[in-house]
Novice: 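Following this message is one structure expressed as structure tokens.
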Amino acid sequence: MAHDHEGPLARLRRGHEELVLRQMRTHGPLNRAELGRLTGLSRTTLYDIVSALVDSGAVVATAPAPAERRRGRPVETLTLHRDAGQAIGIDFARRAVHVAAVNVAHEVIGSASAPHGAGLSWEKRVDLAARLVGGLAGGTLRLGALSAIGVGVVGPVHDAPATDAASTGTPATSTAASGTPATGAATTATRAAERPGSPAGGVPRPHEDLPVLLRKRFGVPVLLDNNTRLAALAEATWGAAAGVQDVLYLRLSHGVGGGLVVGGALHRGARGLSGEFGHITAEPDGRRCSCGKDGCLETVASIGAVLDAHPGAGDLDGFLAALPTDPAARRVMDDVGTRVGTVLAAVCNAVGPHVTVLGGELAEAGPALFEPVERALSAHLMPVSRPDIDLRPATLGEVGGALGAIALVLHDSPLLTRYHTPNSVE
């Protein structure tokens with residue numbers, strides 16, 4: 001941020017520096033020609049700005065290896081210094097916290113996860129996240145070059161007026177990941193509290209000041225979004241559907257949700273409601289769901305619902321271990337797969353994805369789940385679509401939401417070019 005005593009030329013130069021650094025955070029290593037195209041700066045101005053950043057140590061210039069050199073002046077690669085800071089992603093799942101970190105050179109530093117009870121308070125969840133982040137890379141993480149921290153939460157995410165309690169009491173000024181200022185807006189996650197007996201278990205309503213809690217703890221702006229939509233972003237950026245223009249992602253965990261990539265862009269939807277596939281009706285006269293409706297897919301295809309249907313398993317590990325030899329467990333999973341495939345077929349008929357990705361802990365059931373899902377897809381898809389079924393297991397595991405949160409912060413995926421990013425708390 002420019003200081004008030006700076007003159008117009010100093011502010012202009014600082015703006016040019018921030019523009020160059022933002023492009024390098026977004027795109028990773030670049031040469032000067034690529035930077036020029038991305039920033040629109042003149043060759044002379046860009047050379048001056050890059051030279052100053054290299055001299056300060058913020059940017060590292062690397063000459064090509066001798067075997068890669070061609071005639072003429074070597075083309076240097078410019079990258080942010082690895083030690084200049086890291087980008088952090090946190091996924092507050094229903095029963096666990098997942099974290100991941102990359103450095104500003106876009107190298108994954110590490111990831112970590114820890115389970116917790118369903119009723120754990122948001123203050124304690126933030127404490128747990130901070131401990132996990134502190135343990136990454138031997139406790140050497142530095143947030144100096146970090147523009148924001150990305151956070152995934154369960155349920156819809158809305159933009160709502162708020163104030164930053166850490167400030168002087170004036171409304172917080174927030175900045176979206178694209179850099180667009182939005183005064184007086186902060187992000188809060190809103191969803192119905194779990195009802196007693198819900199298969200997903202009880203989850204407390206999120207603290208309305210969750211972004212402020214995180215802002216106080218980590219000292220950087222906070223970007224919140226739905227965690228399953230962030231997992232979809234990660235799978236479509238680096239995972240099972242990397243490079244695919246139209247993707248349907250579904251995660252079967254303690255809750256059920258997903259995300260859509262349509263025409264090469266992540267879809268958020270009005271009021272952040274895109275991807276709530278777990279609340280599509282799968283059993284009209286079924287159990288009451290946490291959302292207030294009856295018979296949602298989440299009431300039959302979540303971890304809690306599966307264990308309720310086969311109580312002898314004890315826990316998910318026991319259920320998965322029983323699948324190869326226990327006919328009752330196979331029947332439960334066959335019913336789950338049929339319900340999931342039927343719902344997926346309805347969504348596929350509506351949006352026509354190239355690839356459907358299935359993730360979450362229940363996806364570890366493998367063929368016992370995927371085979372009935374494929375059968376139901378084939379039975380309920382329009383006949384013309386059946387030969388094009390491409391159902392894939394997710395590849396990024398439980399930290400997919402945290403990795404998607406990092407992509408949200410760095411804005412390093414083309415899937416975000418038309419995506420309305422929720423505002424941050426600074």
Side-chain angles (χ1 to χ4, degrees), residues 1-2 18 21-22 25 84-93 97-102 104 112 114 116 120-136 139 141-191 204-227 229-230 272 401-411 420-426:
M1 180 180 295
E18 292 174 351
L21 292 172
R22 184 167 64 249
R25 278 195 297 266
Q86 286 82 30
I88 305 298
I90 301 174
D91 179 3
F92 288 105
V97 175
H98 311 289
V99 302
V102 303
V104 291
H116 61 70
L120 192 68
S121 70
W122 282 102
E123 288 83 357
K124 291 182 178 179
R125 293 185 189 203
V126 171
D127 290 341
L128 178 57
R131 289 198 297 272
L132 290 174
V133 169
L136 295 179
L141 286 177
R142 295 175 60 246
L143 303 180
L146 181 60
S147 59
I149 187 168
V151 176
V153 293
V154 177
V157 174
H158 303 295
D159 295 338
T163 58
D164 188 340
S167 70
T168 58
T170 57
T173 300
S174 61
T175 305
S178 61
T180 304
T183 302
T187 305
T188 60
T190 58
R191 64 181 179 276
R205 293 182 64 86
H207 196 302
E208 289 189 355
D209 291 329
L210 174 60
V212 176
L213 292 174
L214 291 163
R215 174 68 175 88
K216 287 181 178 178
R217 178 57 62 95
F218 292 100
V220 294
V222 177
L223 290 172
L224 256 69
D225 208 335
N226 173 266
N227 62 350
R229 193 159 52 239
L230 292 177
L403 290 171
I406 292 175
L408 187 71
V409 169
L410 297 178
H411 217 72
H420 166 63
T421 302
N423 294 317
S424 66
V425 171
E426 292 190 348

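Starting from 1, each residue takes its place in the sequence as its number.
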Novice: Quick one: side chain to side chain donor-acceptor pair (under 3.5 Å) partners of R131, sequence neighbours excluded?
Specialist: none
Novice: Atom CG of L224 and atom CD1 of I149: how far apart are they, to the nearest 0.5 Å?
Specialist: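 So the gap between those two atoms works out to 10.0 Å.
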Novice: Which residues pass the side chain to side chain contact (heavy atoms under 4.5 Å, CB included) test with A402, sequence neighbours left out?
Specialist: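 Applying side chain to side chain contact (heavy atoms under 4.5 Å, CB included) to A402 gives D91, A100.
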Novice: Donor-acceptor check, side chain of D225 to backbone of G152, threshold 3.5 angstrom: yes or no?
Specialist: no
Novice: Is the shortest heavy-atom distance from the side chain of N227 to the side chain of V154 under 4.5 Å?
Specialist: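 Yes, their side chains come closer than 4.5 Å.
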Novice: Would you compute the distance between atom NZ of K124 and atom CG of L128 and round it to the nearest 0.5 angstrom?
Specialist: 11.5 Å
Novice: Closest heavy-atom contact between I88 and I406?
Specialist: C-CG1, 3.7 Å
Novice: Provide the closest heavy-atom pair for H116 versus A93 in the form atom of the first, atom of the second, distance.
Specialist: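 Taking H116 first and A93 second, the nearest heavy atoms are NE2-O, 4.1 Å.
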Novice: I need the minimum non-hydrogen distance between F218 and A130, along with the two atoms involved.
Specialist: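 Minimum heavy-atom contact is CZ-CA, 4.0 Å.
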Novice: Where do L230 and V151 land on the side-chain contact (heavy atoms from CB on, under 4.5 Å) test, with the steps shown first?
Specialist: CA-CA 9 Å; L230 292 177; V151 176; over 6 Å; no
Novice: Considering only heavy atoms from C-beta outward, does the side chain of V126 approach that of L210 to under 4.5 Å?
Specialist: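 V126 vs L210: side chains touch.
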Novice: Identify the heavy atoms of P211 and V222 that sit nearest to each other, and give their distance.
Specialist: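 Distance-wise, the nearest heavy atoms are O-CG2, 3.6 Å.
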Novice: Give me the atom names and distance for the closest heavy-atom approach of A112 to L132.
Specialist: CB-CD2, 4.1 Å
Novice: Which heavy-atom pair separates A405 from G89 by the least distance, and what is that distance?
Specialist: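 That would be CB-CA, 3.9 Å.
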